[in-house]
Structures are given as C-alpha cells and as structure tokens.
Amino acid sequence: MSQGLTSDSDDSDKFEWESDGEAAPSSAPALRNLDAPGPSTLERQSSNGWANGEATSTSLVEEYVTMGFPKEMVVKGIKEIGHDDANALLELLLTYKVLGDEGALGNCSTSGCACPNVQDDDDDDLDFDNWDNDNDTGGREHNSDSSGDEDFLQEMSAKDEKINLLVGMGFSEDEANMAMTTCGVDADLCVLVDSISASWVAGDCHSRNLFDDQVMDRCFDSFGERKKARLMEERKKKRKRYGGGAHGNRSSLDGSDDEQMLLPNPMVGFNLPGYRRPSVMRMLPQQAIGPPFFYYENVARTPRGVWETISRFLYDIEPEFVDSMHLSAAARKRGYIHNLPIENRSPLLPLPPKTIFEAFPHYKKWWPSWDPRRQFNCLQTTMASAKTTERIQCLLARSSNPPPPSVQKYVIDECRKWNLVWVGKNKVAPLEPNEVEYLLGFPRDHTRGVGKTERYKSLGNSFHVDTVAYHLSVLRDMFPNGVSVLSLFTGIGGGEVALHRLGIHMRAVVSVEIGEANRRILRGWWDQTQTGTLIEIADVKSLTPDIIASYVGRFGGFDLVIGGSPCNNLAGSNRHHRDGLEGEQSSLFYHYFRILDVVKSAMARM
DNA sequence: CTCACTCGGATAGAAGTC
DNA sequence: GACTTCTATCCGAGTGAG
C-alpha cells in the first residue's frame, strides 16, 4: 500500500540554467485535489465514510489509530468534540500530543474546541506519556473508561442531531459543540441557544484556556497590553455586529482568539541581501532543534490567529515573514517557520531582477508614463480574462491621451490586480506562463506540458525559489555529501529546485503531492537534472507512522523536512471559504506537524 | 476614514469523449 | 446525444497601513 514511484535516475547532473531565463524557487503547496484517488486504504476509508458521515465510529477510531494516535486518545477526542468536524478532531488530537510531549496536564483543550471551564472531568486522568507507546490497535484490554464506549457511540448520534439543528439555525459548529459541552447532551435546544448567546455577551473569553494564555504570554509578550485590550474590544464589537451569523464567528478553531501577530515592515525576515536587520539572534526552543531541519511556508496575510496557531504547533518558533519583492520583481508575502541557522546565508547568484523593466526590458516600449508600477503584485493562480483586457483597450481607445484621471485610475487598478503588462498601443495582457516561471526562479518551461490554466495555478501556488534558496543556503556547507529530503505538499518542486540551484545534491527525495500534473512536472525535472532517488506519494494522509519509519530507516533519517501546506482557506483572494486553519484544505497543516513529529521521534530512536 | 492588496472558488458554456 | 472534462468569466471581504 501507499507505494510511491521510485526513480533512480542516472542521468547527468549537468542541468544548465538558461542565461536569459534564470528563475527562482518555488515548491509550495500547489493545487491539491482532495478528491483525487489516492494510493492508500486509509484515504479510501476517509473519503467514503468520514466525509459523508456514514462511517462507523469504530472505523473512524481505527483510522486515527492508523495515523499513529493511541486509541484512548482518539475516543476521548471524539467524546469531546464529536466526529463531524474532522479537522477540529485532528487538531485536538495533535494538541493532546503536544501537551503530552510537554508533560502538561490533561485538562487543556485546543484553542476553542471545548469550553475550558466545563470539562468532562470524570475520565480525564490520561497518561499522555504512555500513549505514544500504545500502538496496539487490536485486542487491547479496555480500561475502566472504555466499557462505556458503545453507549457513548450511540449517544453521539443524538448529539450530532442537535448540533446539526443549531448549525441550521445559523450558529457555527464550534459554538454548537461548545454549548453541548457546557449544557450537556440532554439539554433542551432553547437552553443551548441561550448558552451560545450568553457566551457572546461574555466576549471571547469562553474559548481561551490556560494553555493558550501560557503559550501566548511566553511567545508573543512583545504585544502591548493596550493593543491587546483594544483588539479584544474590537472583537467584541464585531461579534455583536455580526450577530449569530454562521460566518460571523469562525474564530475558535483556527486560534483566532489569540492576538494577531504583527507583520514586520519592511518584510525582510531575519535578514535579506541588502536588508540586514541589526544583529538578530534567536534562541530556538529545545524541542525545535533538529535533526531533522525543517522548513514550513504559508501566506503571511492569514485570518487572525492562524500564524499563532501554526507557531504553537511548530515548537513555538517565531515565523520569519518575507516579502519576495525585496529579492525579485514580484511581491510575495510569506511566512516561514524553520529551525535552520540564520547566520551566513548567501543568495543565489546572479541576483534576480528587482524591477519589471529589468526583468522584461521590451515592455518599456508601450508602458505609459502614467502607469507608475515598477514591480508586480503577488503572482496568483488565475489570470485576467480576455474580456478584462479588451475592456481596457476599448476604454483607452475612446479616451484622450493621456486619459482622464478616472480612466487612469481604473486601468491602473486593473493592471495591479491582474499583473497586466503593456504589449502594444492601449493594449495590456497577462503574463505568460514562462514569464511567471522566470519571476519565481524556475527554469524556463519547467511547467510546460500541462494545460495553461494548470500552469498558472501550479506556479501561483509555488515557492519563490530565490527566497527559499536564501534560507536553505546554510545547508550547503553542512551537508557536502548531499541531503535526504522529505518534501510535503511538493507542488512543482520549488524546494527541490532551490536546493539544486544551491548546488546541494539530493541523495533522496520522498515527495508528497496530491496533484497529478505537479507530480509529472517534478518527475520531468528530476529525470533531467538529478541522480538521486525520487519517491512520489500522492496523499499526506497515507503517510502512516510505519511508512514514515520505514523511509527513515531506509535513508538513515531525513536531513530536511520541507513544505508549504495549502493556503486555500487562508488567502485573501478566497471569497468563499476563507475559513482559516480549519478549512478543508488548509487544515492539512496539521498533517505537516504530525508527520514532522513522527520523523523527529523516529530519528531520535536511531 | 480611505486605500491597497490578496499561493481562490463557483459556474455556465465550450470542447472533447464515448 | 449523454456525459465528462476543460476553459473563460465573474464574483468581495478581511486586513492593515496611512
């Protein structure tokens, strides 16, 4: 099961970068088709039952056990928050694991999954330390708690029915779950509604707990008290304004009750070529220190609280926020959490062009003087339609020269929004895929061979190669004999391209990527440029602890775990499902943490 | 307050397949 | 002709800076 394709390419490693086509890095989360068939039994179980709510709770428990969670932990998790919200459940289990690893006590819940002051305390005396050693999914003796499991499973259906009713009334699932926890499963519906209303009046303290406060105080104490108070006040106002609308309060699961992490200005991370912050020193928490090195990426501008949650799971490491506009001709605001050294970094040479005209001198010819843009905005996954560019052309043709300010403003706004370039008199056009490849640091035609729409999408989801390579450059001297890499959410292989451009040999890459086109792109590039072993796997969910351990054993551990999890539910462009970390795609972040944690454990045993 | 920016999604209709 | 797949087009809100 879950076998990847293995390629031991023996082609030469002499991949030539085109002199006029230098591209930069990217290996971010590309289009992830969650419906695509995966190789593993696990995935089939998941899509059959869980999503439809038809799976028996027994198989649900088994599924999480397969992922490496102890059975008691899974049952407790389902008891606490139900089984409908898979992402919340996964987050809760991982939180248990984090708390267990830290030796914390058992009455902490995830940031908002359950009411902190009303716990089902009767069975909470759990031994977190022993959970990790309990991999026996079979005939294990029940403890005193599990005799009630069958009753509990039956009870859940009644609970779910009420939750569905509350959700149907416009309350969020979090709120419904919380009310059930507070008032009990047998509580009348109107009592549950009253409970939720009361929690609004009380502000947002209902979803905070001791664990959150401790962590936040420890990690983000730079946040001023006055600002804290102001944000708390604003959130209260907002809740009142939005009332009980289903989308009015989606905060608790993504940790957005926590304080907002401020983005630096200028957004240059710990340092960048030409933007050296004065003597940045950082002390990594003990748990964060490798092996392996790891590198995580996502969009910088997320809904509130997301980066705090990500940081909390990734060993409380402070994110490094970088806008690639300082290293290229296009903006790309991203956050990176990693445990790499930050001293003695070196950029890829030659440095990429930092303005539009340096990158594409020929566009100067038709560029009107009233278009002040010198850099592109973020390269996204979709491009302007022909209708849009046609409208602009017609509008300009009917206008004077130069056009009146109102027309200028409209045109500039559209150009900024869609990253249009001037290709003729009054004529604008979207960037071509090979131009996007160039701006992002990929070799020319890296994505060629798949449909144009697919190319834009994969590139838009990708890393900026030069930025990532700058951060990874410290590995070159540390691993003169090459690295073995676990690449999650590989996309079109931005991380791999970055390592290659740095001259770092990849002995082995285990790549996990759901998109078939992206896997094909990576393999095409690998076979041309690499001599190491490439193993391609479709779905992160299929990476069970056993499989991970087998790869750890086979390759003598991983030197680097790299990946950017899906941003679909975090990105501002998403009008429909910007749901934060609990979103359908973005919740896959928790698998990044889960897998990284398993790798760390397996390597610690080596 | 205004302004600028954002690794996207749903849908209808076209195009392809059987 | 039914069905699937691909493509083009349209669709604001959340957030922070000034």
Separation between the C1' atoms of C/dG12 and B/dC3, rounded to whole Å:
15 Å
d(CG, A/Asn569; P, B/dC7) in whole Å:
13 Å
Is A/Thr381 close enough to B/dC7 that one of its side-chain N or O atoms is under 4.0 Å from OP1 or OP2 there?
no
Does OP1 or OP2 of C/dC10 have a side-chain N or O of A/Arg575 closer than 4.0 Å?
no
Residue pair A/Val299 / A/Arg334, side-chain heavy-atom distance below 4.5 Å:
yes
Can you tell me the pairing partner of B/dC7 across any strand shown, Watson-Crick or G-U wobble, with both distances under 3.5 angstrom?
none
Do A/His446 and A/Ile492 have side-chain heavy atoms sitting under 4.5 Å apart?
yes
Nucleotide nearest A/Asn265 when distance is taken to its side chain, options B/dT6, C/dG18, B/dG9:
C/dG18
Would the base of B/dC7 count as contacting A/Arg334 through its side chain, where contact means a donor and an acceptor less than 3.5 Å apart?
yes
Do A/Gln530 and A/His500 have side-chain N/O donor and acceptor atoms under 3.5 Å apart?
yes
From C-beta outward on A/His576, which listed nucleotide comes closest to its side chain: B/dA4, B/dG9, B/dC7?
B/dG9
Residue A/Ala331, side-chain atoms from C-beta onward, closest of B/dT6, C/dT15, C/dC11:
B/dT6
What's the closest nucleotide to the A/Val299 side chain, out of B/dA4, B/dG8, B/dC7?
B/dC7
Would A/Tyr363 and A/Phe360 count as a ring pair (Phe, Tyr, Trp, His ring centres under 6.0 Å) if you check the C-alpha gap in whole Å, the side-chain angles of each, and the deciding distance to 0.1 Å?
CA-CA 6 Å; A/Tyr363 289 142; A/Phe360 309 115; 5.7 Å; yes
With a 4.5 Å limit on heavy-atom distance, are the side chains of A/Val468 and A/Tyr336 in contact?
yes
Phosphate oxygens OP1/OP2 of C/dC10: is one of them under 4.0 Å from a side-chain N or O of A/Ser385?
yes
A/Leu379 CG to B/dG8 C1', straight-line distance once rounded to whole Å
15 Å
Applying the 3.5 Å cut-off to both distances, the Watson-Crick or G-U partner of B/dT2 turns out to be C/dA17
In this structure, how many angstroms lie between the C1' atom of B/dA4 and the CD atom of A/Glu414, rounded?
14 Å
Can you check the A/Met261 CE to C/dT15 P distance for me, whole Å?
15 Å
Side chain of A/Cys378 only, please: which of B/dG8, C/dG18, B/dT6 is the nearest?
B/dT6
Report the distance from atom CH2 of A/Trp307 to atom P of C/dG16, rounded to the nearest whole Å.
15 Å
A/Gln380 CD - C/dC11 C1' separation (whole Å):
14 Å
What is the separation between atom CZ on A/Arg301 and atom C1' on B/dG8, rounded to the nearest whole Å?
16 Å
Closer than 3.5 angstrom, by distance alone: can the side chain of A/Asn569 be matched with the main-chain N or O of A/Ser587 as a donor-acceptor pair?
no
Report the nucleotide, chosen from C/dT9, B/dG8, B/dC5, that has the shortest atom-to-atom distance to any side-chain atom of A/Ala386.
C/dT9
So which one's nearest nucleotide on DNA chain B is more toward 5', A/Lys409 or A/Thr382?
A/Lys409
Rounded to whole Å, NZ of A/Lys457 lies from P of B/dT6 at a distance of 18 Å
5' precedence on DNA chain C between A/Asn574 and A/Lys387 (nearest-nucleotide basis):
A/Lys387
Check the phosphate of B/dG9 against A/Asn568, side-chain N and O only, distance under 4.0 Å to OP1 or OP2. Yes or no?
yes
A/Thr453 or A/Arg578, whichever maps to the more 5' nucleotide of DNA chain C
A/Thr453
Side-chain N,O (A/Asn461) to OP1/OP2 (B/dG8) below 4.0 Å
yes
